[in-house]
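Data first, discussion second: the structure below is written as structure tokens.
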Number of protein chains: 2
Amino acid sequence: MARYRTAGQEQAQRPRSDFRVAERPGYLLHKAAMLLDEDVEKHLVAGVAMRSRYFLLLATMASGPELSQKDLSQLLNLDPTTVVTVIDEMERNQHVERKRNPADRRRYQLHVTPAGRKALAAAEKVATEVESSFFGTLTDSERETLRDMLSRVMAGRWPASVCERSL
Amino acid sequence: MARYRTAGQEQAQRPRSDFRVAERPGYLLHKAAMLLDEDVEKHLVAGVAMRSRYFLLLATMASGPELSQKDLSQLLNLDPTTVVTVIDEMERNQHVERKRNPADRRRYQLHVTPAGRKALAAAEKVATEVESSFFGTLTDSERETLRDMLSRVMAGRWPASVCERSL
DNA sequence: TATTGTTATACTCTATAACTATA
DNA sequence: TATAGTTATAGAGTATAACAATA
């Protein structure tokens with residue numbers, strides 16, 4: 001992961017920051033998400049040797065409705081082939097077991113093992129700490145407001161439209 | 001660009017959505033940014049044949065302090081080699097001219113041409129429409145709150161730490 | 001005939017390293 | 001010796017398409 005953020009110690013000839021992009025709400029959203037993603041990925045890898053998409057897939061499998069690999073790829077916007085790769089890895093790590101769905105033998109029932117749940121708990125602890133630190137300057141009430149606004153902005157697109165299906 | 005969001009029309013056997021990831025503020029932020037990025041990219045390509053990073057670089061060059069390619073790569077978290085590629089393309093499109101900085105002949109002065117500003121204006125119109133539509137369910141006051149919260153969350157990391165340098 | 005999951009492959013994007021020129 | 005920019009190359013990531021099994 002590249003780091004272009006660490007600053008040098010040079011002359012500050014024009015301490016302005018009137019970048020047009022910095023005023024676009026869309027770019028602020030993009031940038032904030034990128035910074036948080038990097039933080040989460042870095043700490044997950046360092047703390048529990050797990051990458052973000054592994055964590056997200058595991059967390060999704062461990063909670064809520066039972067999902068096929070196809071469902072997961074739709075919900076998390078991951079390519080189906082990527083889901084295969086990550087779940088292969090999960091099986092090798094004995095965090096997940098693939099069992100055929102008796103009602104539709106094309107699908108898998110993805111079963112998170114106790115070891116998988118344990119690993120997930122550790123990862124969630126890390127992720128929660130990173131998020132808490134990232135949103136550190138916001139009050140609890142503000143965090144709730146942010147959560148609410150983001151949910152509303154996505155209403156009907158996520159996760160709703162995915163859930164319309166078999167979920 | 002892949003689309004895993006368009007839903008089929010099947011049985012809704014479990015209309016729940018208690019995914020653990022959906023409750024993480026971090027994932028909400030990530031997902032919202034992804035959706036918006038996709039919208040912006042799609043409409044920029046379709047409307048003005050311009051990709052997002054081209055637009056971002058052009059918008060940054062056209063406003064604020066004069067930046068070298070190195071500065072741009074740091075500010076926008078783009079690899080320096082990517083910046084070279086995109087600015088090459090901009091030169092072919094006659095949107096930008098490279099001139100040597102007389103004070104430091106290693107650096108370029110990147111000059112946005114009138115044609116470049118015209119293209120930028122068209123792109124900004126598209127991007128603004130997409131953003132406006134994306135944040136459509138928020139009131140003006142809420143949008144300001146969101147902008148403010150995102151800025152505060154990033155305070156000290158962006159664009160400040162980049163600006164500490166030569167900008 | 002359509003769908004889930006898989007594999008193989010191609011392609012895009014990004015990162016790494018070496019090079020030129022300037023400082 | 002260090003930095004800005006460039007080029008070539010390698011690697012990671014993702015998408016495409018063909019396939020097997022099942023519906």
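Chain identifiers are assigned alphabetically (A, B, ...) following the order of the sequence lines, protein sequences preceding nucleic acid strands; residue numbering begins at 1 within each chain.
At a non-hydrogen distance threshold of 4.0 Å, B:Val84, B:Arg98 from residues 83-100 of chain B come into contact with DNA chain D.
For A:Arg100 (side chain) and A:Arg105 (main-chain N/O), a donor-acceptor pair under 3.5 Å exists by modelled atom type. When atom types are taken as modelled, the side chain of B:Ser132 and the backbone of B:Thr128 share no donor-acceptor pair closer than 3.5 angstrom. Side chain of A:Ser151 to backbone of A:Arg147: a donor-acceptor contact under 3.5 angstrom is found.
Taking the charged nitrogens against the carboxylate oxygens, B:Asp37 and B:Lys42 have no contact shorter than 4.0 Å, which rules out a salt bridge.
B:Ser68 and B:Arg106 form no side-chain donor-acceptor contact under 3.5 Å, judged by distance and modelled atom types alone.
Exactly one residue among B:Val83, B:Leu67, B:Thr82 makes a side-chain contact (heavy atoms from CB on, under 4.5 Å) with B:Ser73. That residue is B:Val83.
Take B:Arg143 and apply the side-chain hydrogen bond (donor to acceptor under 3.5 Å, both in side chains) test, not counting sequence neighbours, and it matches no residue.
Taking only side-chain nitrogens and oxygens, B:Thr82 never comes nearer than 4.0 Å to OP1 or OP2 of C:dA15.
What separates CG of B:Asn77 from P of C:dC13 is a distance of 17 Å, to the nearest Å. In this structure, CG of A:Leu76 is placed 16 Å from C1' of D:dT14, rounded to the nearest angstrom. The CG atom of B:Leu78 sits 9 Å away from the P atom of C:dA15 (whole-angstrom rounding). Protein atom CD of B:Gln69 is 15 Å distant from nucleotide atom C1' of C:dT20, rounded to whole Å. Regarding A:Gln109, its CD atom lies at a distance of 14 Å from the C1' atom of C:dT4, rounded to whole Å. Look at CD on A:Glu38: it is 13 Å from C1' on C:dT14, rounded to the nearest Å. For the pair A:Asp79 CG and C:dC13 P, the computed distance is 15 Å after rounding to whole Å. Atom C1' of nucleotide D:dT14 and atom CE of B:Met34 are separated by 12 Å, given to the nearest angstrom.
For A:Glu129, the CD atom counts as densely surrounded, since its 6.0 Å shell holds more than 12 non-hydrogen atoms of other residues, nucleotides or ligands.
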Taking distance alone, no hydrogens or angles, what donor-acceptor pairs closer than 3.5 Å link side-chain atoms of residues 49-60 of chain A to residues at least two apart or in another chain?
| from | atom 1 | to | atom 2 | distance (Å) |
| --- | --- | --- | --- | --- |
| A:Arg51 | NE | A:Glu41 | OE2 | 2.7 |
| A:Arg51 | NH2 | A:Glu41 | OE2 | 3.3 |
| A:Ser52 | OG | A:Glu41 | OE1 | 2.7 |
| A:Tyr54 | OH | A:Asn93 | ND2 | 3.0 |
| A:Tyr54 | OH | A:His95 | ND1 | 2.7 |
| A:Thr60 | OG1 | A:Leu56 | O | 2.7 |

Protein and nucleotides 8-13 of chain D: nitrogen or oxygen contacts under 3.5 angstrom:
| from | atom 1 | to | atom 2 | distance (Å) |
| --- | --- | --- | --- | --- |
| D:dG13 | OP1 | A:Arg51 | NH1 | 2.7 |
| D:dG13 | OP1 | A:Arg51 | NH2 | 3.1 |

Sort me out a list of protein N/O and nucleotides 18-23 of chain D N/O pairs below 3.5 Å, or just none if empty.
| from | atom 1 | to | atom 2 | distance (Å) |
| --- | --- | --- | --- | --- |
| D:dA23 | OP1 | A:Arg105 | N | 2.9 |

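No single ILVMFWY cluster, assembled from side-chain heavy atoms under 4.5 Å apart, contains both A:Val112 and A:Val84.
Within the structure, salt bridge (Lys or Arg N to Asp or Glu O under 4.0 Å) pairs that include any residue of residues 88-97 of chain B comprise B:Asp88-B:Arg98, B:Glu91-B:Arg98, B:Glu97-B:Lys99 (at least two apart or interchain).
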